[in-house]
**Q** 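Let me begin by handing over the structure; questions about it come next.
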Amino acid sequence: MEQQPYEPVADASADRRTGTARVLVVDDDPTVAEVVSGYLDRAGYLVDRAEDGPTALAGAAAHWPDLVVLDLMLPGMDGLEVCRRLRGRGPVPVIMLTARGDEDDRILGLEVGADDYVTKPFSPRELVLRVESVLRRSRPRAGTRSHSAAGLTVDPAARRATKQGGELALTLREFDLLAFFLRHPGRAFSREDLMREVWGWDFGDLSTVTVHVRRLRNKVEDDPARPRLIQTVWGVGYRFDAADPAGPAGPSDLPRPSDPPVPPGQGEE
């Protein structure tokens, strides 16, 4: 297929002047792209379009988006690779579109850093609501105090997280999860609790929580295979232990089984 040009719908400085969020829609199906773009445009967003991975990356480099709606099944460079490359360039929220209901595809999308996913066919209105929700979480929260424990600090007002003073590259969900753990040290939460309290969902795929916990461990634990901070509480869920990880060894320091494989139809809850 001949590569089509990137389609910006507004000049590059418009979003900076007005404060309107810029959304990049990446889908090789022109009908889907047109419908999604139309609904987002009517909702007040500035919308750019691309129909393949290289064009999307070039467009993002030209006008860095506030959020990307990204089809998984793109020709050539698929959505997973596009997401990886975008994440390598800088933080940007990503909502993944997939024509498959297969759980493995959703998990893969979350593993590479997607913040949300929508399965085709979907309601355009629902997608707009998802965009609004993800963008709302990504905005700095004025008046919210920082929290620190075990060498970790989150600053919700700046959307910044650090470990021993070094900045952590976290997705939106990872940031919100870490902030929640730091606000509630020593308490065990089920995956249902975390899905509801952290992201405001009363239902959904619990394996997404498992994925984000694993990704967060990879970034905050000294040894993710033997986590000291984010503990698995078997039969319950997870607990953040704020005690000094360098403290005396005890029973909790003994090797433990790893989390159950994803998708976890049963396990920690």
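Throughout, residue positions are numbered sequentially from 1 according to the sequence presented. These numbers come from the heavy atoms of this one structure, side chains and all, not from hydrogens, waters or symmetry mates.
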**Q** Using a strict 4.0 Å threshold on nitrogen-to-oxygen distance, state whether R136 and D115 make a salt bridge.
**A** no
**Q** Please name the pair of heavy atoms, one in F175 and one in P156, separated by the smallest distance, quoted to 0.1 Å.
**A** CZ-CA, 4.0 Å
**Q** Please tell me if the side chains of V131 and L40 come closer than 4.5 Å, counting only heavy atoms from C-beta onward.
**A** yes
**Q** Which heavy-atom pair separates G79 from L70 by the least distance, and what is that distance?
**A** O-CD2, 3.3 Å
**Q** When rounded to the nearest 0.5 angstrom, what is the spacing between CZ in F181 and CG in L216?
**A** 7.0 Å
**Q** Do Y238 and L194 have side chains that get closer than 4.5 Å, going by heavy atoms?
**A** yes
**Q** With sequence neighbours left out, write down each residue that passes ring pair (Phe, Tyr, Trp, His ring centres under 6.0 Å) with F180, or none if nothing qualifies.
**A** H184, F189
**Q** What's the shortest heavy-atom distance between D66 and L135, and which atoms?
**A** O-CD2, 3.6 Å
**Q** Under 4.0 Å between a Lys/Arg side-chain N and an Asp/Glu carboxylate O for D116 and R173?
**A** yes
**Q** If you count every heavy atom of other residues, nucleotides or ligands that lies below 6.0 Å from E34 atom CD, does the total exceed 12?
**A** no
**Q** Using only atom types and a distance under 3.5 Å, with no angle test, would you say the side chain of T55 pairs donor to acceptor with the backbone of E51?
**A** no
**Q** Are any side-chain N or O atoms of K219 and backbone N or O atoms of A169, one a donor and one an acceptor, separated by less than 3.5 Å?
**A** yes
**Q** Strictly below 4.0 Å, N to O, side chains only: are D222 and K163 in salt-bridge contact?
**A** yes
**Q** Ignoring hydrogens and angles, tell me if any N or O in the side chain of R217 forms a donor-acceptor pair with the backbone of I230 under 3.5 Å.
**A** yes
**Q** Taking all non-hydrogen atoms of both residues, which atom of V82 and which atom of G53 are closest, and how far apart?
**A** CG2-CA, 3.5 Å
**Q** Could you state the interatomic distance from CG (L170) to CG (D176), rounded to the nearest 0.5 Å?
**A** 10.0 Å
**Q** Just by distance, do the side chain of D193 and the backbone of S190 share a donor-acceptor pair under 3.5 Å?
**A** yes
**Q** With sequence neighbours excluded, what pairs up with E167 under the side-chain hydrogen bond (donor to acceptor under 3.5 Å, both in side chains) test?
**A** R160
**Q** Side chain to side chain donor-acceptor pair (under 3.5 Å): which pairs involve residues 72-81, sequence neighbours left out?
**A** E81-R84, E81-R85
**Q** Take F122 and T98 through the side chain to side chain contact (heavy atoms under 4.5 Å, CB included) test and state the conclusion after the steps.
**A** CA-CA 10 Å; F122 56 85; T98 173; over 6 Å; no
**Q** Minimum heavy-atom separation for M77 and L57, please, with both atom names.
**A** SD-CD1, 3.8 Å
**Q** If you apply the rule side chain to side chain contact (heavy atoms under 4.5 Å, CB included), what do you find for E174 with L178, and how did you get there?
**A** CA-CA 6 Å; E174 292 163 3; L178 179 58; over 6 Å; no
**Q** Output yes when a side-chain donor or acceptor of R130 lies under 3.5 Å from a complementary backbone atom of Y117, and no otherwise.
**A** yes
**Q** Do D48 side-chain atoms and L24 backbone N/O form a donor-acceptor pair below 3.5 Å?
**A** no
**Q** With side chain to side chain contact (heavy atoms under 4.5 Å, CB included) as the test, would you mind laying out the steps for E132 and Y45 before giving the verdict?
**A** CA-CA 10 Å; E132 292 173 352; Y45 297 102; 3.0 Å; yes
**Q** For the side chain of E221 and the backbone of R228, is there at least one donor-acceptor N/O pair under 3.5 Å apart?
**A** yes
**Q** Which heavy atom of W64 sits nearest to which heavy atom of G90, and what is that distance?
**A** CZ2-O, 3.7 Å
**Q** Side chain of R87, backbone of V92: donor and acceptor closer than 3.5 Å?
**A** yes
**Q** Would you call I95 and V134 a side-chain contact if the rule is heavy atoms closer than 4.5 Å?
**A** yes
**Q** What verdict does the side chain to side chain contact (heavy atoms under 4.5 Å, CB included) test give for L152 and F240, after you've listed the backbone C-alpha separation in whole Å, the side-chain angles of each residue and the deciding distance to 0.1 Å?
**A** CA-CA 12 Å; L152 300 170; F240 181 80; 4.1 Å; yes
**Q** Could you check if a side-chain atom of L74 sits within less than 4.5 angstrom of a side-chain atom of D52, using non-hydrogen atoms only?
**A** no
**Q** Would you say the side chain of L172 lies within less than 4.5 Å of the side chain of R159, judging by non-hydrogen atoms?
**A** yes
**Q** For the side chain of D27 and the backbone of V32, is there at least one donor-acceptor N/O pair under 3.5 Å apart?
**A** no
